[in-house]
Structures are given as structure tokens and as C-alpha cells.
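What you see below is based on every heavy atom in this structure, not just the backbone, and it leaves out hydrogens, waters and symmetry mates.
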Amino acid sequence: MKNLISGILLDLFYPRRCPVCDKAVKPFGSLVCEECEPKMKYIRAPYCQKCGKELKDTRAVFCHDCAHREHAYDCGMALFAYQSVSDSIYRFKYRGRQEYAAYYGERMARILGKRILALRPDALVPVPIHEEKKRQRGYNQAEAIAGELGRILQIPVETKLIKRVRKTKPMKDLSAQERQNNLKRAFKICQNDVKLNTIIIIDDIYTTGSTIDAMARKLRQAGVKHIYFAALAVGKGM
């Protein structure tokens, strides 16, 4: 009860921002404005059976990327089409809107929850960011999403299993090969005895899969057998 009252008072003095329009959420107490919610475009079937991107060809099984490239993870899923949430994610990552994580996690649990639970994961593993970047930003956006998702679905969140030891370049303008080179030796397993059999990597954006692949290779070397991912949004790829 005390936490509930504290939360209500906090919302009164510092109104929660809508992850779409960035104004105070209406109605009060919601996670997103009622009129803004329809602007977020959810991924719909048919989608790639490997990475979860939407497919234009209803006869296709894989997207162009996955049909021409072997991935280190088993398969993945995504909630939104990136173009519809790009501004929201930008504010979430670079403008301190950590509060958006409550909406993101709730929607991922609502839309993707059954698929996630069907995989019987031992833990959710957020994509780590470099310590220097985390100090500058104040938080890891993937960790914030994983925390909300794990709380709702009651799945443990493992933040100390793997870390990013190289400060990599921004991936946005890199080619597929440059992304792979950029991520070489970027991650390190931090536990000597990894006892997880099935994990789901959590990230904000999936584009080509280079980051998920780099993590998956390290995790497989550590003994994790089944590796999936769930992303807030998925881009078009290369």
C-alpha cells in the first residue's frame, strides 16, 4: 500500500510521459495515451521464422537476411516495426525517458508473453552496454525492458552473466560485415560455471542480428544450449 501511494504521489508531481507523444499521459495512471496507442505498429504474421521480421510474401518462411545468412541463435521475436517507434526509442535511449520501460515491458508481456513462456526460459539476459556508456546514460535500456518483462512474467533476469568489454562503434551506419568486425571480442562471460540451459536475450532493436549473434556464440561456448531473443522493435535489415 505504501509503494502504491508513493507511486500515485510521484505521478501527481512528476506526470508519467507518454512513450508516443512524450506529453503527460492521458488518462492519468495509464502507460500510454489512448489516442496515441494505435500509432504503434505491431509485427503481424506472416513473419520470418528465424528473426521475426514481417514478410511481404505470404509464401516465404524466412526474410532475405535470414535466408542468406546463418545465425548463432535459435530464433527470435519482436513487438513493433521500428519505423513506428523510432522516435520513442530514441528518447528512451538518449533523452532519459527510462519510464517508457514500463509500457514496453507490459506490451511485450501482453503480446509476446505466451510465446516467451512456451520456450521455458531459465532467464532473460539483456544485451549489456559498455560501463562508460552506462555511466553516461544512467541505465541500460535493454536491462530496463528486461526488468519489467521479467517481473510481469515472473522470469529471472540475469545481468551478471555476460558483459561488454569493448566500447563498440554505433551500429546504425555500418554494413553487415562492419557490424561483425565491430563486435569481435566485444563480449565476455563473467561466470565460470554457467548452469542455464535456455535463455532469451532481450534488446531494444534488432536489425541484422550481429549483436545477438556475437552474444549467442559466447553463451554457447559457456554451455547454454538454447538461445532465443525478444526485441522491442525490428528494423528492415540489410
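- In this structure, F92 and Y104 have perpendicular ring planes: the angle between them is above 60°, well past the 30° mark.
- Inter-residue side-chain proximity for I43 and F80 is flagged as unmet; no heavy-atom pair is nearer than 4.5 Å.
- Annotation for Y100 and R17: closest pair CE1-O, 3.8 Å, computed over non-hydrogen atoms.
- Side-chain contact between L161 and L219 is present, with at least one heavy-atom pair separated by less than 4.5 Å.
- Of the inter-residue distances, the one linking R107 atom CZ with E37 atom CD reads 4.5 Å to the nearest 0.5 angstrom.
- Applying the salt bridge (Lys or Arg N to Asp or Glu O under 4.0 Å) test to residues at least two apart or on different chains, the pairs with a partner in residues 94-103 are D22-R97.
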Stepwise, does the side chain to side chain contact (heavy atoms under 4.5 Å, CB included) test hold for I227 with I201? CA-CA 7 Å; I227 302 171; I201 298 172; 3.8 Å; yes

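- Atom SG of C63 and atom CD of Q49 lie 11.0 Å apart (nearest 0.5 Å).
- For E106, the salt bridge (Lys or Arg N to Asp or Glu O under 4.0 Å) partners at least two apart in sequence or on another chain are R110.
- Counting only heavy atoms from C-beta outward, the side chains of R44 and L55 never approach each other to under 4.5 Å.
- The 12-atom threshold is exceeded at CD of Q136, counting heavy atoms of other residues, nucleotides or ligands nearer than 6.0 Å.
- For the atom pair CD1 (I200) and CZ (R120), the distance works out to 12.5 Å, reported to the nearest 0.5 Å.
- Closest non-hydrogen pair, R220 versus A72, comes out as NE-O, 2.8 Å.
- Side-chain N or O atoms of S88 include none that pairs as donor or acceptor with a backbone N or O of V20 at under 3.5 Å.
- With contacts defined as side-chain heavy-atom distances shorter than 4.5 Å, the pair D65/C51 does not qualify.
- What you find for C48 and F62 is that their closest heavy atoms are SG-CA, 3.7 Å.
- Note on K41 versus E54: salt bridge recorded, some NZ/NE/NH1/NH2 to OD/OE distance being below 4.0 Å.
- The two residues N140 and V127 have their closest heavy-atom pair at ND2-O, 3.0 Å.
- Distance alone, capped at 3.5 Å, places no donor-acceptor pair between the E148 side chain and the G150 backbone.
- Both L112 and Y228 belong to a single network of hydrophobic side chains, linked directly or stepwise wherever heavy atoms of I, L, V, M, F, W or Y lie under 4.5 Å apart.
- Taking NE2 of H71 as the reference point, atom SG of C66 lies at 3.5 Å (rounded to 0.5 Å).
- With contacts defined as side-chain heavy-atom distances shorter than 4.5 Å, the pair T207/I205 qualifies.
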Candidate pair I155 and L149, rule side chain to side chain contact (heavy atoms under 4.5 Å, CB included), full reasoning: CA-CA 8 Å; I155 302 172; L149 183 61; over 6 Å; no

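- If you chain together hydrophobic residues whose side chains sit under 4.5 Å apart, V157 and L119 fall into the same group.
- In terms of heavy-atom proximity, K163 sits nearest to C190 at CG-SG, 3.4 Å.
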List the steps and the verdict of salt bridge (charged side-chain N to carboxylate O under 4.0 Å, His left out) for K134 and E131. CA-CA 5 Å; K134 189 172 183 178; E131 290 181 0; over 6 Å; no

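- Under a hydrophobic-cluster definition in which Ile, Leu, Val, Met, Phe, Trp and Tyr are linked whenever side-chain heavy atoms come within less than 4.5 Å, directly or via other members, Y42 and I89 are assigned to the same cluster.
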Go through it in stages, so that I can follow the logic: the residues are L153 and L117, the test is side chain to side chain contact (heavy atoms under 4.5 Å, CB included), and I'd like the CA-CA distance, side-chain angles, deciding distance and then a yes or no. CA-CA 8 Å; L153 298 182; L117 292 172; 4.2 Å; yes

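- Connection of M40 to V25 is not established within any shared hydrophobic cluster, with ILVMFWY side chains joined at heavy-atom distances below 4.5 Å, either directly or through further cluster members.
- Among residues at least two apart or in separate chains, there is no side-chain hydrogen bond (donor to acceptor under 3.5 Å, both in side chains) pair with a member in residues 26-35.
- A distance of 5.5 Å separates CZ of F187 from CE of M215, quoted to the nearest 0.5 Å.
- Rounding to the nearest 0.5 Å places CE of M77 at 8.0 Å from CE of M108.
- Each of L196, I202, N197 was compared with I199 under the side-chain contact (heavy atoms from CB on, under 4.5 Å) criterion, and only L196 meets it.
- Side-chain contact of H226 with D74: a donor-acceptor pair under 3.5 Å is absent, judged by distance alone.
- Across all non-hydrogen atoms, the minimal contact from R69 to T208 is NH1-O, 2.8 Å.
- A 4.5 Å side-chain heavy-atom check between L232 and I145 finds at least one atom pair inside the cut-off.
- For the pair I162 and K188, the minimum side-chain heavy-atom distance is 4.5 Å or more.
- For the pair E158 and L124, the minimum side-chain heavy-atom distance is 4.5 Å or more.
- For E132 and R137, the salt-bridge test fails: no basic side-chain N is under 4.0 Å from an acidic carboxylate O.
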Check the pair K50 / Y73 against side chain to side chain contact (heavy atoms under 4.5 Å, CB included), numbers first and verdict last. CA-CA 9 Å; K50 189 68 175 181; Y73 60 82; 4.1 Å; yes

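- Cluster membership for I129 and F229, using ILVMFWY side-chain heavy atoms within less than 4.5 angstrom, is not shared.
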